[in-house]
Peer 1: 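My questions all concern the structure below.
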Amino acid sequence: GLPTPLPERVAGSDLIFVLCERAAREGRRIFLLGAPPGVAEEAAAALTARYPGLTIAGVACPPFRKLSDREHEALLAEIRAAKPDVLFVAFGQPKGERWIAENVARIGVPVAVQVGASLEFAAGRFARAPRWMQRSGVEWVFRMLQEPRRLVSRYAANAAFLGRLKLRRLVRGLDAAHAPSEASVEAT
């Protein structure tokens with residue numbers, strides 16, 4: 001069948017709390033991967049304080065560079081050995097999604113979720129945008145104001161990509177609208 005669309009936007013920064021609450025209730029194990037040094041440990045402490053019974057099976061913060069094959073294999077072995085039920089990956093987009101796609105089968109984790117800056121929110125390093133900004137889809141403005149050095153260039157690149165995509169679709173639409181129909185081609 002067709003996939004069922006979500007009834008609303010689900011931000012990683014909301015999802016992490018919902019899943020941790022449920023994991024604590026059901027005895028599931030969580031592994032936190034990524035974020036700047038020290039953040040995952042702070043997030044683990046904050047999450048276990050907020051959700052009594054939550055088991056953080058492991059925390060890893062690999063360096064912000066391409067890992068050697070040996071480092072990569074050691075990281076995968078560390079995750080496998082922790083036997084988490086849920087892996088939160090905080091590598092940023094699209095690196096986190098790519099990492100999950102390339103590695104999830106090798107680590108045997110039932111659920112892996114790219115959560116972006118959610119570990120920083122959980123650790124209390126950044127505040128969430130006001131609810132009205134979250135609901136209206138402009139939470140990114142609030143985030144950009146918190147970390148302009150890091151996020152302005154990323155958001156500008158995303159905007160340029162989306163602009164190019166929209167322009168291509170517009171041009172294709174114009175080409176299709178001005179293309180001769182089969183009837184006019186047969187008449188000539």
Side-chain angles (χ1 to χ4, degrees), residues 3-6 8-128 134 139-140 143 146-147 149-151 153-155 157-158 161:
T4 305
L6 294 173
E8 61 188 53
R9 173 182 172 264
V10 179
S13 41
D14 292 324
L15 188 62
I16 191 170
F17 295 106
V18 171
L19 290 177
C20 283
E21 186 276 328
R22 189 167 181 175
R25 196 174 62 238
E26 296 178 3
R28 305 289 182 187
R29 300 164 57 81
I30 304 287
F31 195 103
L32 307 176
L33 175 62
V39 170
E41 290 85 355
E42 291 172 30
L47 290 167
T48 54
R50 184 172 179 169
Y51 304 107
L54 179 65
T55 301
I56 302 295
V59 171
C61 180
F64 287 124
R65 60 169 169 74
K66 182 167 174 36
L67 299 179
S68 70
D69 289 344
R70 184 204 244 171
E71 290 170 321
H72 182 72
E73 291 304 319
L75 176 62
L76 298 182
E78 180 182 354
I79 296 167
R80 276 192 300 270
K83 296 181 177 19
D85 298 297
V86 180
L87 171 68
F88 289 122
V89 179
F91 286 161
Q93 277 73 294
K95 183 179 177 183
E97 287 88 349
R98 287 185 185 134
W99 192 94
I100 290 170
E102 292 167 5
N103 295 289
V104 73
R106 296 185 58 206
I107 54 178
V109 176
V111 177
V113 183
Q114 163 58 17
V115 294
S118 298
L119 296 185
E120 291 169 283
F121 291 126
R125 295 262 182 121
F126 293 112
R128 288 288 309 272
Q134 293 174 36
E139 186 171 10
W140 63 272
R143 286 282 298 127
Q146 287 181 314
E147 290 188 278
R149 278 186 136 149
R150 189 169 79 86
L151 297 178
S153 62
R154 178 188 298 176
Y155 291 164
N158 290 348
F161 170 78

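Residue numbers start at 1 and run along the sequence shown.
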Peer 1: How many angstroms lie between atom CD1 of I30 and atom OG1 of T55, to the nearest 0.5 angstrom?
Peer 2: 9.0 Å
Peer 1: Restricting to non-hydrogen atoms, name the atom on A43 and the atom on L119 that form the minimum distance, rounded to 0.1 Å.
Peer 2: CB-O, 3.5 Å
Peer 1: Working to the nearest 0.5 Å, report the span between CG of L33 and CD1 of I107.
Peer 2: 8.0 Å
Peer 1: Return the minimal non-hydrogen interatomic distance between A40 and G34, and the atom names on each side.
Peer 2: CB-O, 3.9 Å
Peer 1: As a quick check of understanding, evaluate side-chain contact (heavy atoms from CB on, under 4.5 Å) for F88 and I16, giving each step before the final call.
Peer 2: CA-CA 8 Å; F88 289 122; I16 191 170; 3.8 Å; yes
Peer 1: Scan E42, E41, E78 and name whichever one has a side-chain contact (heavy atoms from CB on, under 4.5 Å) with V59.
Peer 2: E41
Peer 1: Can we say E73 and R106 salt-bridge, meaning some charged N sits less than 4.0 Å from an Asp/Glu carboxylate O?
Peer 2: yes
Peer 1: Within a reach of under 6.0 Å around CZ of R22, are more than 12 heavy atoms found that belong to other residues, nucleotides or ligands?
Peer 2: no
Peer 1: Within a reach of under 6.0 Å around CZ of R65, are more than 12 heavy atoms found that belong to other residues, nucleotides or ligands?
Peer 2: yes
Peer 1: Which pair of heavy atoms, one from V109 and one from D85, lies closest together, and at what distance?
Peer 2: CG1-O, 3.9 Å
Peer 1: Any idea which heavy atoms bring A57 and F31 closest together, and the distance?
Peer 2: C-CD1, 4.3 Å
Peer 1: Quick one: pull up NE2 in H72 and CG in D69 and give me the separation to the nearest 0.5 Å.
Peer 2: 8.0 Å
Peer 1: Checking side-chain contact (heavy atoms from CB on, under 4.5 Å) for the pair T48/I56: CA distance, chi angles, key distance, verdict?
Peer 2: CA-CA 8 Å; T48 54; I56 302 295; 3.6 Å; yes
Peer 1: Which heavy atom of A35 sits nearest a heavy atom of C61, and at what distance?
Peer 2: O-SG, 2.9 Å
Peer 1: Calculate, to the nearest 0.5 Å, the distance between atoms CG and CD belonging to L19 and E26 respectively.
Peer 2: 10.0 Å
Peer 1: Which pair of heavy atoms, one from A24 and one from P52, lies closest together, and at what distance?
Peer 2: CB-O, 3.7 Å
Peer 1: If we only count heavy atoms from C-beta on, is the L75 to W99 side-chain gap below 4.5 Å?
Peer 2: yes
Peer 1: Check for a donor-acceptor pair, side chain of R29 on one end and backbone N or O of K83 on the other, with a separation under 3.5 Å.
Peer 2: yes
